[in-house]
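Have a look at the structure below before the remarks.
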Amino acid sequence: MSNLPREPEFEQALNELTTSLEPFLAANPEYKKALDIVQVPERVLQFRVVWEDDQGLPQVNRGFRVQYNSALGPYKGGLRLHPSVNLSILKFLGFEQTFKNALTGLNMGGGKGGSDFDPKGKSDSEIRRFCNAFMLELYRHIGKDTDVPAGDIGTGAREIGFLFGAYKKLRNEFTGMLTGKGLNWGGSFIRPEATGYGVIYYVEHMIARACPEYSLDKPSTLVAISGSGNVAQFTALKVIELGATVLSLSDSKGSLIAEKGYTKEFVQEIATLKLKGGSLESLADTPGYKYYPGARPWTLLPEVHIALPGATQNEVSKEEAEALVAAGARIVAEGSNMGSTEEAVAVFEAARKSGPKGLWYAPGKASNCGGVAVSGLEMAQNSQRLAWSTAEVDSKLKGIMTECYQICEAAGSKWSGEDLTTGTLPSLLSGANVAGFIKVADAMREQGDWW
């Protein structure tokens with residue numbers, strides 16, 4: 001019986017990795033010690049954040065930074081500002097980030113942080129004062145060669161700007177210690193788009209192997225997307241640009257289903273609405289769209305070919321996974337981190353094993369690594385005091401997503417422990433977990449972290 005408190009999200013992430021590693025660990029038992037060690041974060045920081053509201057009253061929140069693993073480079077991972085933030089969620093995100101960053105091929109370790117502060121409903125002045133108070137403690141623990149945070153849920157361009165400004169005043173230096181910065185002061189082209197675009201670049205390889213009849217240049221290809229934040233918006237815009245049909249977006253209050261598909265202009269209208277803190281509910285009367293309060297899109301669509309969860313963790317349940325299989329989905333790729341519950345993943349993996357025409361699932365640590373990849377490219381540009389063009393960054397992103405897919409496909413074929421001679425597709429879940437783990441574990445062993 002463990003004396004540690006329950007951490008359900010972290011335990012889920014650890015269990016997924018452990019299960020995927022079983023065939024590899026059976027063949028390489030010495031790596032079991034690496035698994036014992038890699039699951040414990042190198043450092044966990046927790047601190048009080050006291051800030052002043054517009055009435056002049058003190059408010060308090062909890063601040064966190066989980067510096068998970070630095071075997072491959074400086075800690076790297078976002079700062080999440082959301083009332084749900086707790087240590088379990090940040091440990092799961094930092095743990096996943098460690099292996100996701102390994103799959104990019106860039107020198108980045110894993111970390112995650114944030115606060116249970118809710119930016120929704122706050123004035124710009126309140127958010128600025130919170131960011132100043134938050135950085136007053138965080139600045140001691142981060143730096144361009146130590147720990148490089150980024151944005152996440154609740155932390156957009158405005159918040160990154162305030163955090164960067166606070167750090168600059170505290171340290172009296174202009175340095176690339178945050179990514180997601182403004183283009184005029186050290187940011188990178190394609191960074192806002194990177195996670196969404198990267199998902200699509202990854203999915204294009206999956207489609208080419210598994211179901212070329214549902215390529216994204218065909219209007220008959222039906223794509224379901226959840227979420228309506230940064231990731232979902234740019235995922236949808238890239239699908240629309242390529243020519244396929246986007247059927248859905250959603251937020252915490254409900255789903256908005258398009259009868260004939262979303263347009264580029266409507267997605268941009270939603271982006272503007274979200275910047276102002278609005279919800280899709282306010283668009284319920286838009287002609288050609290139907291709003292479903294309190295529902296996610298997965299059970300609302302009679303036919304779907306490609307499903308792309310892009311909202312938050314555990315947003316696809318077992319029942320919703322079964323609904324996607326019944327609707328004819330052939331690809332599920334996560335834009336969100338751990339977007340599917342363990343039970344949902346089991347449904348997807350069972351569907352994959354049903355034969356060459358089964359559903360193929362890609363976990364977030366593989367399919368959504370484009371965001372952190374371009375964060376890594378932003379760090380490289382900052383180190384050189386250079387700015388690459390949009391085309392250069394996009395080309396490098398495509399190359400990283402292609403390599404990530406190939407690594408996952410190869411490791412899934414080798415280490416899933418399955419007979420793939422019948423044409424069954426390899427497990428990208430196993431592939432991503434095993435490939436990421438081996439890279440991190442080998443670096444840790446060479447640095448003396450296990451033996």
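- Side chain to side chain, Q313 and N337 fail the donor-acceptor criterion of an N or O pair below 3.5 Å.
- I190 contributes atom CD1, which lies 11.5 Å from atom CD of E392 (distance to the nearest 0.5 angstrom).
- Taking a cutoff of 4.0 Å between a charged side-chain nitrogen and a carboxylate oxygen, K112 and D152 qualify as a salt bridge.
- Shortest non-hydrogen contact noted between S248 and I257 is CB-CD1, 3.6 Å.
- Considering CG of D36 and CH2 of W450, their distance stands at 10.5 Å, rounded to 0.5 Å.
- Checking side-chain atoms of S375 against main-chain N and O of T179 turns up no donor-acceptor pair under 3.5 Å.
- In this structure, CG in L178 is found 7.0 Å from CG in L79, a value given to the nearest 0.5 Å.
- The residues E173 and K144 are annotated as not salt-bridged, no charged nitrogen and carboxylate oxygen being separated by less than 4.0 angstrom.
- Between W51 and F134, the distance from one ring center to the other does not fall under 6.0 angstrom.
- In this structure, NZ in K274 is found 12.5 Å from CD in E269, a value given to the nearest 0.5 Å.
- Between F95 and Y68, the two ring planes are tilted [angle within 30° to 60°].
- Side-chain N or O atoms of N314 include none that pairs as donor or acceptor with a backbone N or O of G339 at under 3.5 Å.
- For the pair R191 and E378, the salt-bridge criterion is not met [side-chain N within less than 4.0 Å of a carboxylate O].
- Using a 4.0 Å cut-off between charged side-chain N and carboxylate O, R140 and E137 make a salt bridge.
- Judged by the 6.0 Å and 45° rule, K398 forms a cation-pi pair with Y201.
- W360 has its ring centre no less than 6.0 Å from the ring centre of F348.
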- Could you walk me through whether L81 and V85 pass the side-chain contact (heavy atoms from CB on, under 4.5 Å) test, one step at a time? CA-CA 7 Å; L81 301 180; V85 163; over 6 Å; no

- Verdict with supporting geometry, Q59 and V50, side-chain contact (heavy atoms from CB on, under 4.5 Å): CA-CA 6 Å; Q59 302 292 339; V50 180; over 6 Å; no

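- Ring pair F64/F47: centre-to-centre distance not below 6.0 Å.
- Ring orientation note: the planes of F117 and F130 are close to parallel, at an angle under 30° on the 30°/60° scale.
- In this structure, the side chain of N368 engages the main chain of S336 through a donor-acceptor pair within 3.5 Å.
- Cation-pi check for K33 over W451 is not met; the charged atom does not lie both under 6.0 angstrom from the ring centroid and within 45 degrees of its normal.
- Under a 4.0 Å N-O distance rule, the pair K91/E7 qualifies as a salt bridge.
- A salt bridge does not link R129 with D53: none of the charged nitrogens is closer than 4.0 Å to a carboxylate oxygen.
- Counting non-hydrogen atoms of neighbouring residues, nucleotides and ligands closer than 6.0 angstrom, the CZ atom of R62 reaches no more than 12 such neighbours.
- Ring geometry for F164 versus W185: interplanar angle of 30 to 60°, hence tilted.
- Comment: K264 does not engage E241 in a salt bridge, judged by the lack of any side-chain N to carboxylate O separation of less than 4.0 angstrom.
- For the residue pair N433 and S20, a side-chain donor N or O sits within less than 3.5 Å of a side-chain acceptor on the partner.
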- Task: Would you sort out whether S250 and R296 count as a side-chain contact (heavy atoms from CB on, under 4.5 Å), showing the intermediate values?
- Result: CA-CA 7 Å; S250 66; R296 295 186 289 229; 5.6 Å; no

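- With rounding to the nearest 0.5 angstrom, the CG atom of D145 is 12.0 Å from the OG atom of S70.
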